[in-house]
Structure formats: structure tokens, C-alpha cells
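So that we are looking at the same thing, I have put the structure below in C-alpha cells.
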Amino acid sequence: MADSGALPAGFGELEVLAVGTVLLVEALTGLCLNGLTILSFCKIPELRTPTYLLVLSLAVADTGISLNALVAAISSLLRRWPYGPDGCQAHGFQGFATALASICSSAALAWGRYHHYCTRGQLAWNTAISLVLCVWLSSVFWAALPLLGWGRYDYEPLGTCCTLDYSRVDRNFTSYLFTMAFFNFFLPLLITLVSYRLMEQKLKKPGHLQVPALIAKAAPTINAIHYALGGDTVHRGLWQCLSPQRSQPDRTR
């Protein structure tokens, strides 16, 4: 599949085309919405806050996931992987690193909300920057391990993109998978649930859970829509700041 235009075993022409089309729409939508989030941080002074830096980290991670999905979409429409084995390793590393960063950024954002609403204190820039650095360094570390021999990247069943080789059941891959999952799935999920649970108890109202982005290629659009429409974390919200109905004092400030 990596070197020819033949359809992968078990897949028909329509199925491959459908996968490529869905990935293309998802990738372009994620790029547009997360690009708007990043642009807003750069252009709107009201959004340059430590809390919104965590949202920016999530948007950058989801932009990376969208780029990864765009490569997969093009390969699916070509019905082959045109970038060779080295390209497969690079694609797997980039996609996995940004997926982990998206998950951990969601957990950091949940903790940031807890800190704001339960301690009534503003998140400091040093704390926000440290969180973002920890998220990205940890994500790159865990995504690089398969390149160094612990775990492995390989083609997905369709043969048009690369990810962890979940078909392997040897001790090497199993030990990597469970260790990585504990630090990058279980712990972020626990932090997210506990943070919102504590907020619910503190505020005496049901919390709004931000489920970590476990489905990597769907997360960019979901996260971008959730945060771009405004909410508790982004006090003014992207649409409110970009809207022509902004108040005159905001325009002249």
C-alpha cells in the first residue's frame, strides 16, 4: 500500500474515498477554527492572559493534529502512502506528539479553571508558562520513545497514515503502551474529573466536563468550537471580541 496505488486488502474504492473525504473536511475545519483561536490571541489584547495561554496551547496542539489529518486525507485520496518509511515515522511522531499535547492541555485547562474559581486567585504567567512547557516536553518525550525502540510506529490498516502499531503484542510494545497510557490518558483524565468535581462542590452547581481528546482527529474541531464560542475560561470569548457589536469603549481602548 505504501508503494502502489492498489487498494488495501478488505477495503473498497468507495470506503477509501469516504475516509479521505471525511479526513479532509475534518482537517480543513480544524485548521480554520484553531487558526482563528491563535489569530485572536495575537490580535486581541483582552485575550492575552495566563489562562488563555492554556487555550492557545490546546489550539496549537489541535492545529498539529489537523495537519496530520490533512496528510492522511491526501494519502487516502491518492490511495497510497507516497512519503516512504521515513515519512511514516515522522507522520506517526508528529501526530502522536500533538495528540498527547492536546489531551494534556485539556487537563491543564481544567486545572486552570479549578484554580481560578476555587482559589479566587488569578493564574500567574510563570505558572501558565511552566504548565505549557511541561505539557509539550512530556508529549514530545513520550512520542519520541517509539523512534528510539520502545514501541513502534507503523501504517494504519488503511495504509494511508501512520500511528502506533497496535497490532504488536510483544512485551516491548505492551510495556510502552500501558506506561504511556497511565501518564498521558489516565492521569489527565483524573485531573480533569477531579478539577471539575471540586468546582461543582465549590460553586454548588453541575460542572461542565471537558472530556480529553481521546479521538485525536475529531478533537480539533470539537475543542475549537467549544472555546471559540466563548465560555468561562475565555471571559470575553472569541466571537464577542471579533463581533461588530462590541461596545464603543472596547473599540477605543
Side-chain angles (χ1 to χ4, degrees), residues 30 33-34 36-38 40-42 44-65 97-143 179-216 218-241:
L33 293 177
N34 286 287
L36 175 61
T37 305
I38 296 171
S40 298
F41 181 84
C42 298
I44 302 173
E46 295 95 323
L47 297 182
R48 296 174 194 163
T49 64
T51 299
Y52 197 78
L53 182 64
L54 302 179
V55 179
L56 179 67
S57 174
L58 181 62
V60 171
D62 288 344
T63 298
I65 296 174
T98 51
L100 294 180
S102 178
I103 294 171
C104 294
S105 293
S106 296
L109 190 53
W111 179 87
R113 285 183 167 182
Y114 158 77
H115 180 273
H116 176 77
Y117 290 108
C118 294
T119 67
R120 300 299 180 183
Q122 292 296 326
L123 187 65
W125 275 106
N126 288 341
T127 303
I129 293 173
S130 298
L131 282 173
V132 171
L133 287 177
C134 287
V135 164
W136 283 95
L137 290 176
S138 172
S139 300
V140 170
F141 170 76
W142 286 102
T179 306
M180 179 276 301
F182 175 80
F183 287 103
N184 294 281
F185 290 88
F186 175 75
L187 283 184
L189 178 61
L190 181 63
I191 291 171
T192 301
L193 293 177
V194 170
S195 296
Y196 280 104
R197 178 61 178 173
L198 291 175
M199 278 192 289
E200 178 183 348
Q201 294 175 348
K202 181 74 174 181
L203 302 176
K204 303 302 183 182
K205 64 180 181 180
H208 183 66
L209 293 180
Q210 172 62 35
V211 179
L214 300 179
I215 305 176
T221 301
I222 297 172
N223 288 336
I225 291 175
H226 178 80
Y227 292 110
L229 291 177
D232 293 333
T233 300
V234 185
H235 298 290
R236 292 182 179 272
L238 298 181
W239 298 129
Q240 286 85 343
C241 289

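Sequential numbering from 1 along the given sequence is applied to the chain's residues. These values consider heavy atoms only, across backbone and side chains, with no hydrogens, waters or symmetry-generated copies.
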- Item | Heavy-atom closest contact (Val135 atom, Ser105 atom, distance) | CG1-OG, 3.5 Å

- Message: Please report the interatomic distance CG(Leu56) to CG(Asn34), rounded to the nearest 0.5 Å.
- Response: 10.0 Å

- Note on the structure: Correct closest heavy-atom pair for Tyr52 and Leu47 would be CB-O, 3.0 Å

- Query: Looking only at heavy atoms, what is the nearest atom pair of Ile103 and Asn184, with distance?
  - Reply: CG2-O, 3.3 Å

- Query: Is Tyr114 close to Val194 at the side-chain level, that is, under 4.5 Å between some pair of heavy atoms?
  - Reply: no

- Verdict with supporting geometry, Phe183 and Thr179, side-chain contact (heavy atoms from CB on, under 4.5 Å): CA-CA 7 Å; Phe183 287 103; Thr179 306; 3.9 Å; yes

- Task: Please answer whether the main-chain N or O of Pro188 pairs with a side-chain N or O of Thr192 as donor and acceptor at a distance below 3.5 Å.
- Result: yes

- Message: Just verifying a value: how many Å separate Cys104 SG and Leu109 CG, rounded to the nearest 0.5 Å?
- Response: 12.5 Å

- Message: For Met199 versus Ala110, what's the shortest heavy-atom pair and its separation?
- Response: CE-O, 4.3 Å

- Find the distance between OG (Ser57) and CD1 (Ile129) and round it off to the nearest 0.5 Å. 12.0 Å

- Item | Phe41 side, atom CZ; Thr49 side, atom OG1 - distance, nearest 0.5 Å | 7.0 Å

- Query: Which distance, rounded to the nearest 0.5 Å, do you find between the CG of Leu123 and the CG of Leu54?
  - Reply: 6.0 Å

- Point-to-point distance, once rounded to the nearest 0.5 Å, from CD1 of Ile38 to CG of Asp62: 9.0 Å

- Thr127 versus His115: any side-chain heavy-atom pair under 4.5 Å? no

